[in-house]
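Encoded as structure tokens, the structure appears first; notes follow it.
Bear in mind that the values here come from a model prediction, so they are computed numbers and not experimental data. The residues of the chain are indexed from 1 along the displayed sequence.
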Amino acid sequence: MEADSNFSKNEAVKISSSFSCQEKGKYMKLSSYLLAIRPWSLSASLMPTLLGYTLAHKLNPQNEHSLLILSLTLLTVISVHCAGNLVNTYFDYVKGIDNRKSDDRTLVDHLLSKDEVVSFGGLVYAVGFIGCVCLSSLSPAKFEHLALVYFGGLSGSFLYTGGIGLKYIALGDVLILIIFGPVSVLFAYMCQTGKLEWGGIYYALPLALNTEAILHSNNTRDLESDRRAKIVTLAIVLGHTLSHILYAFLLFTPYIIFVVLATRKLYWFLLPLVTAPRAFQIEKRFRNPETIQSVPRSTANLNLFFGLLYVLAISLTDSKSLPFVH
């Protein structure tokens, strides 16, 4: 009886261990999917969407503004961004650009297979499309207008590295400036109001420049490996010295814009300057080859806090005082 009891206990331990390994495996797989979408980069789509919503609320106080529409807008925009990250992961690996020293480890370390990345990308694109369809039933904007912007953003997220691969011919920076700036802001504004406010482009500029700084720091860090892979990025065209100058321009120009606006008695625009000391620290690390590795993620973290303070500044400013919009 005692032997049978010990046998049962051993079997129970084995079964428990088996379940534990299965649960751990599921957790690791889920974490791999989460890491594949690069959550640290999502502020680049989150902040312009919140900015567009805030402008819509400030400039159209008589209209009802829906948090449900905002949620669906965020779902749509962020889904396209996540899918674009997955497309980038796939094509960088297939083209031999990602290697053992790459920041993106999804395929390099076989955390996911190529087929899993492709399937996940298709699923995320589908989620974005469902979000767009739901928006069309709630938003005052016309479906054809929403669809035009959505498929424009979808095409851009794919063509960044897929198809002709704009990233590989030094045109990726232009695409990022457009998609993660004016397009996202105007889309969020249109979802709330049903119309476009072209003056929103001016307000998108600081966020667009700050977001482009994330991409440019990434491409500058990978300059040598990209050159060996025989692709052409803006960082390769400019070289190290001019790339440093461009990064500083992208990082600090938004702060200059805010100071200029503050001289027009728009004092709330000084709020984002709270992040300026952090920007100087990151820029110093950018100039050092030994510390540039972490700069893209640090710039993305800066983008989040910078963007939140920027959106807060606009929400606190009297709408009649805001220039370029009416």
Side-chain angles (χ1 to χ4, degrees), residues 35-49 76-98 102-104 106-108 112 114 117-129 132 148-187 204 207-223 225-227 229-238 243 246-247 250 296-297 299-300 303:
L35 290 174
I37 62 174
R38 306 178 202 173
W40 57 269
S41 72
L42 298 183
S43 65
S45 53
L46 171 66
M47 299 322 304
T49 304
T76 303
V77 173
I78 291 177
S79 293
V80 172
H81 185 180
C82 290
N85 284 345
L86 292 166
V87 171
N88 178 240
T89 293
Y90 177 82
F91 281 101
D92 273 1
Y93 181 78
V94 168
K95 293 177 184 291
I97 296 168
D98 281 347
S102 299
D103 187 50
D104 185 0
T106 304
L107 290 175
V108 175
L112 296 175
K114 289 188 291 185
V117 169
V118 171
S119 298
F120 190 34
L123 175 63
V124 178
Y125 271 133
V127 170
F129 178 73
C132 184
L148 178 64
V149 178
Y150 171 75
F151 284 107
L154 183 152
S155 299
S157 71
F158 179 81
L159 292 175
Y160 178 67
T161 47
I164 59 176
L166 296 174
K167 171 186 174 180
Y168 309 133
I169 54 176
L171 293 176
D173 300 79
V174 176
L175 181 66
I176 294 301
L177 278 170
I178 295 173
I179 296 295
F180 293 110
V183 171
S184 296
V185 171
L186 294 179
F187 181 68
L207 280 179
L209 292 174
N210 196 266
T211 300
E212 168 58 16
I214 303 173
L215 173 67
H216 184 64
S217 64
N218 183 82
N219 289 343
T220 303
R221 180 196 62 192
D222 298 338
L223 190 153
S225 60
D226 286 347
R227 180 180 284 138
K230 297 182 179 179
I231 67 171
V232 180
T233 63
L234 182 60
I236 291 175
V237 172
L238 294 177
S243 288
L246 177 59
Y247 180 75
L250 295 169
R297 292 201 183 198
T299 308
N303 179 266

- No-hydrogen, no-angle side-chain donor-acceptor test under 3.5 Å, R38 and T89: yes
- Task: Locate the shortest heavy-atom distance separating H81 from S41; write the atom from each residue and the value.
- Result: CE1-O, 3.1 Å
- Item | Shortest non-hydrogen separation from A235 to L223 and the atoms involved | O-CD1, 3.3 Å
- Does D226 reach the main-chain N or O of I231 with its side chain, forming a donor-acceptor pair under 3.5 Å? no
- CG of L177 to OG1 of T211: how many Å apart, nearest 0.5 Å? 8.5 Å
- Item | Minimum side-chain heavy-atom gap N88-Y160 below 4.5 Å | yes
- Task: Check whether any side-chain heavy atom of I37 lies under 4.5 Å from a side-chain heavy atom of F120, and answer yes or no.
- Result: yes
- Shortest non-hydrogen contact from G181 toward P48: O-CB, 4.3 Å
- d(H216 NE2, I214 CD1) to nearest 0.5 Å is 13.0 Å
- Please step through side chain to side chain contact (heavy atoms under 4.5 Å, CB included) for the pair Y168 and D92, ending with a clear verdict. CA-CA 10 Å; Y168 309 133; D92 273 1; 2.7 Å; yes
- Item | Least distance between heavy atoms, V77 atom then S45 atom | CG1-CB, 3.7 Å
- Query: Can you tell me how far CZ of F187 sits from CD1 of I179, rounded to the nearest 0.5 angstrom?
  - Reply: 11.5 Å
- Contact check, side chains of L246 and T220, non-hydrogen atoms, under 4.5 Å: no
- Task: Rounded to the nearest 0.5 Å, what's the gap from CG on L166 to OG1 on T161? Could you check?
- Result: 9.0 Å
- Note: N85 and A36 closest approach over all heavy atoms is CB-O, 4.4 Å
- Query: Could you state the interatomic distance from OH (Y247) to CG (N219), rounded to the nearest 0.5 Å?
  - Reply: 12.5 Å
- Taken to the nearest 0.5 Å, the spacing of K114 NZ from T106 OG1 works out to 14.5 Å
- Least distance between heavy atoms, A300 atom then S43 atom: O-OG, 3.3 Å
- Query: Looking at side-chain heavy atoms only, is the closest gap between Y125 and S157 below 4.5 Å?
  - Reply: yes
- Item | Any donor-acceptor N/O pair, Y93 side chain to V108 backbone, under 3.5 Å | no
